[in-house]
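Numbers here are sequence positions counted from 1.
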Amino acid sequence: QVQLVESGGGLVQAGGSLRLSCGASGHTGCITAMGWYRQAPGKERELVAGITGGGGTNYADSVKGRFTISRDNAKNTLYLQMNSLKPEDTAVYYCKADTRSTGLCYGMDYWGKGTLVTVSS
């Protein structure tokens with residue numbers, strides 16, 4: 001019902017910046033909250049930042065003050081601006097969307113396939 005595609009990952013030096021994008025398609029009107037998650041080798045997937053349908057945001061303590069999550073509903077796009085990157089930020093970053101379970105909306109969690117961010121020291 002909803003498809004998500006991440007872009008913007010790559011290789012960057014410590015202290016640099018990247019902006020990740022997540023384009024949503026399909027029944028985008030069903031989407032409520034969205035978020036960015038990441039998974040490093042040998043570690044569990046963790047929430048990096050989330051944004052509600054009303055625009056409220058929350059961040060992992062490790063990225064607070066460095067990362068900013070935002071969404072452009074008109075463009076059906078989610079963003080993650082990442083500044084002052086550290087080697088510890090190296091991971092595959094995934095976009096997630098939650099959908100309502102009313103009307104023609106299925107009410108599920110949807111995930112993108114991920115984009116790799118590598119921060120060199």
Is there side-chain contact between [X] and [Y], with heavy atoms separated by less than 4.5 Å?
X: Leu18; Y: Val117; result: yes
X: Trp111; Y: Glu6; result: no
X: Thr115; Y: Leu20; result: yes
X: Arg19; Y: Tyr79; result: yes
X: Tyr37; Y: Gln39; result: no

For this session: Inspect the contact between Lys64 and Asp61 and indicate whether a charged nitrogen and a carboxylate oxygen are less than 4.0 angstrom apart.
Result: yes
Donor-acceptor contact below 3.5 Å, side chain [X] vs main chain [Y]:
X: Gln1; Y: Tyr106; value: yes
X: Thr28; Y: Ser25; value: no
X: Arg100; Y: Gly29; value: yes

Hydrophobic clusters here meaning ILVMFWY residues chained together by side-chain heavy-atom distances under 4.5 Å, can you tell me if Val92 and Leu47 are in one? yes
Quiz item: For the hydrophobic clusters of this structure (ILVMFWY residues joined by side-chain heavy atoms under 4.5 Å, transitively), does one cluster hold both Tyr59 and Leu85?
Solution: yes
> Are side-chain N/O atoms of Thr77 and Asp72 paired as donor and acceptor at under 3.5 Å?
Replying inline: no
Practice problem: For the residue pair Arg38 and Tyr93, confirm or rule out a side-chain donor-acceptor distance under 3.5 Å. | Solution: yes
Near-ring test Phe67/Trp36, centroid separation under 6.0 angstrom:
no
Taking all heavy atoms of [X] and all of [Y], pick out the closest pair and write down the distance.
X: Tyr94; Y: Gly112; value: CD2-O, 3.6 Å
X: Val48; Y: Leu80; value: CG1-CD2, 4.4 Å
X: Ala91; Y: Ala40; value: CB-N, 3.8 Å
X: Ile51; Y: Leu78; value: CG2-CD1, 3.8 Å
X: Ser17; Y: Asn83; value: OG-OD1, 2.9 Å
X: Met34; Y: Cys95; value: CE-SG, 4.0 Å

Roughly how far, to the nearest 0.5 Å, is the [atom2] atom of [Y] from the [atom1] atom of [X]?
X: Ser84; Y: Arg66; atom1: OG; atom2: CZ; value: 7.0 Å
X: Asp109; Y: Asp98; atom1: CG; atom2: CG; value: 4.5 Å
X: Asn76; Y: Ile31; atom1: CG; atom2: CD1; value: 7.0 Å
X: Lys96; Y: Cys22; atom1: NZ; atom2: SG; value: 12.5 Å
X: Lys86; Y: Ser121; atom1: NZ; atom2: OG; value: 14.0 Å

One pair to check against side-chain contact (heavy atoms from CB on, under 4.5 Å): Thr52 and Thr32. What are the steps and the verdict?
CA-CA 7 Å; Thr52 68; Thr32 54; over 6 Å; no
